[in-house]
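For reference, the structure discussed in these notes is given below.
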Amino acid sequence: MTDKWSALRDHQARIADRPILALFAADPARAAGFSVAADGMLFDWSKTSIDAEARALLIMLAEVSGVEAKRAAMFAGEKINDTEGRAVLHTALRADEAAVIRVDGQDVMPGVRTVKTRMADFARAVRSGAFTGQGGRITDVVNIGIGGSDLGPAMATLALAPFHDGPRLHYVSNVDGAHVQDTLRGLNPETTLVIVASKTFTTIETMTNADTTKRWMAARVADPGAQFAAVSTAGDKTAAYGIAADRVFGFEDWVGGRYSVWGPIGLSLMIAIGPERFEEFLAGGRAMDRHFQTAPLARNMPVLLALVGLWHNQICGHATRAVLPYDQRLSRLPAYLQQLEMESNGKRVAIDGSDLPTNSGPVVWGEPGTNGQHAFYQLIHQGTRVVPCEFLVARQGHEPDLAHQHTLLVANCLAQSEALLRGRSLDEARAIMAKKGLTGAELERQARHRVFPGNRPSTTLAYDRLTPFVLGQIIALYEHRVFVEGVILGINSYDQWGVELGKELALALQPVLEGTAGTEGKDGSTAQLVAFLKG
Ligand SMILES: O=P(O)(O)OC[C@H]1O[C@](O)(CO)[C@@H](O)[C@@H]1O
């Protein structure tokens, strides 16, 4: 059967044996030709097996899949999340002051601006000491949320540590009591602000941790509710929880959880770095939006990042991709991208309800370099499976006195992508063994262990320095990559039905574990585990 993927699959089969290095040899301008720059960032995808013909076919794939029309529909507030009947407008949260964006005929921007101003006022009050706890100035902020209500602000707070001049920030997500207990230990309830961050305000992990934290505070503070703020789309539920309306920051259902760091869910980040820096973060996202909307597909960074991803997963069959930031402060980026990419594009059914004719999105994983090098790069270099690697690296760090360490970091990043590309041949390995004095069968055996197949694909995203603006660019880049991949796959990237069944079963298992219900109807393994865990 020929479909929109066929020409690419046929082409890939034809070029499968051609080494990436041969592409560089044949085209001295390959590095520049297979790279794209946008607002100070460089995305180099030349160390992949994509040649000029594959590139043309990939661009055509984006065209025939209607990426440009769908992009316009998203930015215009059309309800492209059609299994939930919602618009997808996280971009409105970072749109410029003059923007007019309508949903159901209503301009949403006045509401966005009003809430942002309220957030900024509150953040300034907390940072300046105008808003106090019952024991004085706020020293610590605890953000209680999970998934998109945790990963974005937690990742960004860590990423922007050099700009963190507000109170200390803590993030509690896991329903495991260890998380909340370990976080609250050592904090003073009288000077702690708690932000309950939940789009729905029903998520059991978040509400359970909020209840626990409220009890912890009540033991020392007369009015714990006065030190709680809430971020949610559910104003009725935050009111029922006893949080005064002036400390509730609402948003609309057109902001998906994993896309929500730009708005009220980013309140903790705003308190950490201040409203002005937060604006710079939004400006970075906005710059990437502009690039995504205006650059031709062949020079469009999110489009190219998506096409490289599709080439590796759907065409070459590589099931995972590693995100490898050579930037310690981006150590939570892989976890953040796991939700962004896997919750968005981990779907086996197309928008029309039919089975997907190809693989869904890949498994995303990673750790910051150089730590990963001393852990799992062995498999990346010499394992039997190919793992496309996505490196991120800054031209400069925030530690001028440690510039030599930054140079070492950058050298390591470049060395890894070079090693993946070049590898080491058997002859080269034999020469190394011969130099060590080995001969015969032992030389051969030892040499085989030292062969690196090479020809392993990677991309590198390089930027100047991890500022709020650059972080905004990076997050928006990946958001739009997910969008483009989703459009081409023909799925709805903005729902998440796959998380529901486990939630339902957990609710039903709670009384079983408490002993008020039996294990009738449970499979043998689950019943056995219940019996063991009940003790
Ligand atoms: O913000 P909420 O409503 O508590 O949801 C938290 C997370 O739970 C999910 O719905 C998945 O269970 C995510 O999509 C979301 O980010």
Side-chain angles (χ1 to χ4, degrees), residues 80-81 83-90 93 115 119 142-157 171-176 179-180 194-214 228-241 243 248-269 332-347 360-361 364 475 478-479 482-483 486 491-510:
I80 64 166
N81 173 1
T83 55
E84 297 183 314
R86 294 175 182 169
V88 174
L89 269 184
H90 46 279
L93 299 174
V115 175
M119 283 169 66
V142 177
N143 185 90
I144 301 178
I146 195 165
S149 300
D150 166 74
L151 287 163
M155 179 272 286
T157 302
Y171 290 89
V172 174
S173 52
N174 199 328
V175 76
D176 184 340
H179 199 179
V180 66
V194 179
I195 301 174
V196 185
S198 175
K199 180 175 170 180
T200 55
F201 227 70
T202 56
T203 303
I204 195 152
E205 291 92 337
T206 298
M207 300 322 296
T208 304
N209 279 325
D211 290 347
T212 300
T213 307
K214 211 177 200 180
F228 269 59
V231 174
S232 183
T233 56
D236 52 337
K237 296 195 175 70
T238 57
Y241 199 75
I243 302 179
V248 174
F249 302 90
F251 58 105
E252 301 298 326
D253 67 5
W254 39 257
V255 181
R258 51 195 175 275
Y259 298 86
S260 60
V261 65
W262 311 98
I265 291 290
L267 178 63
S268 53
L269 174 65
R332 292 296 286 160
L333 183 70
Y336 171 79
L337 291 180
Q338 279 175 338
Q339 186 196 19
L340 184 68
E341 302 206 6
M342 293 165 76
E343 199 171 76
S344 296
N345 287 346
K347 290 160 192 172
S360 60
V364 178
I475 299 177
Y478 277 96
E479 286 179 348
V482 166
F483 167 85
I491 59 182
N492 178 4
S493 300
Y494 300 99
D495 59 13
Q496 55 282 320
W497 302 110
V499 301
E500 294 304 324
L501 181 58
K503 287 186 193 172
E504 282 167 29
L505 294 179
L507 273 185
L509 273 164
Q510 213 174 332

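One-based numbering, in listed order, for ligands and for the atoms of each.
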Those residues that, when tested against Lys237, pass side-chain hydrogen bond (donor to acceptor under 3.5 Å, both in side chains) (two or more places apart): none
Heavy-atom nearest neighbour of atom 8 (O) of ligand 1 within options Lys503, Gln496, Lys199: Lys503
Phe228 and Tyr241 aromatic ring geometry - parallel, tilted or perpendicular at 30°/60° bounds: tilted
Val499: numbered ligand 1 atoms lying under 4.0 Å from its heavy atoms: 11 (C), 12 (O)
Check against side-chain contact (heavy atoms from CB on, under 4.5 Å), Leu151 and Tyr171: CA-CA 9 Å; Leu151 287 163; Tyr171 290 89; over 6 Å; no
ring-ring contact (aromatic ring centres under 6.0 Å, His included) against Phe249, all qualifying residues, sequence neighbours excluded: Phe122
Within reach of ligand 1, part of Thr200 (heavy-atom separation under 4.0 Å): both
Protein contact to atom 5 (O) of ligand 1 [nearest heavy atom, distance to 0.1 Å]: Thr203 OG1, 3.5 Å
Polar proximity ligand 1 side, Gln339 side, N/O cut 3.5 Å exclusive: yes
Atom 7 (C) of ligand 1 [closest protein heavy-atom partner, distance rounded to 0.1 Å]: Ile146 O, 3.6 Å
N/O separation below 3.5 Å, Gly148 to ligand 1: yes
Closest to atom 13 (C) of ligand 1 among Arg258, Glu343, Glu205 (heavy-atom distance): Glu343
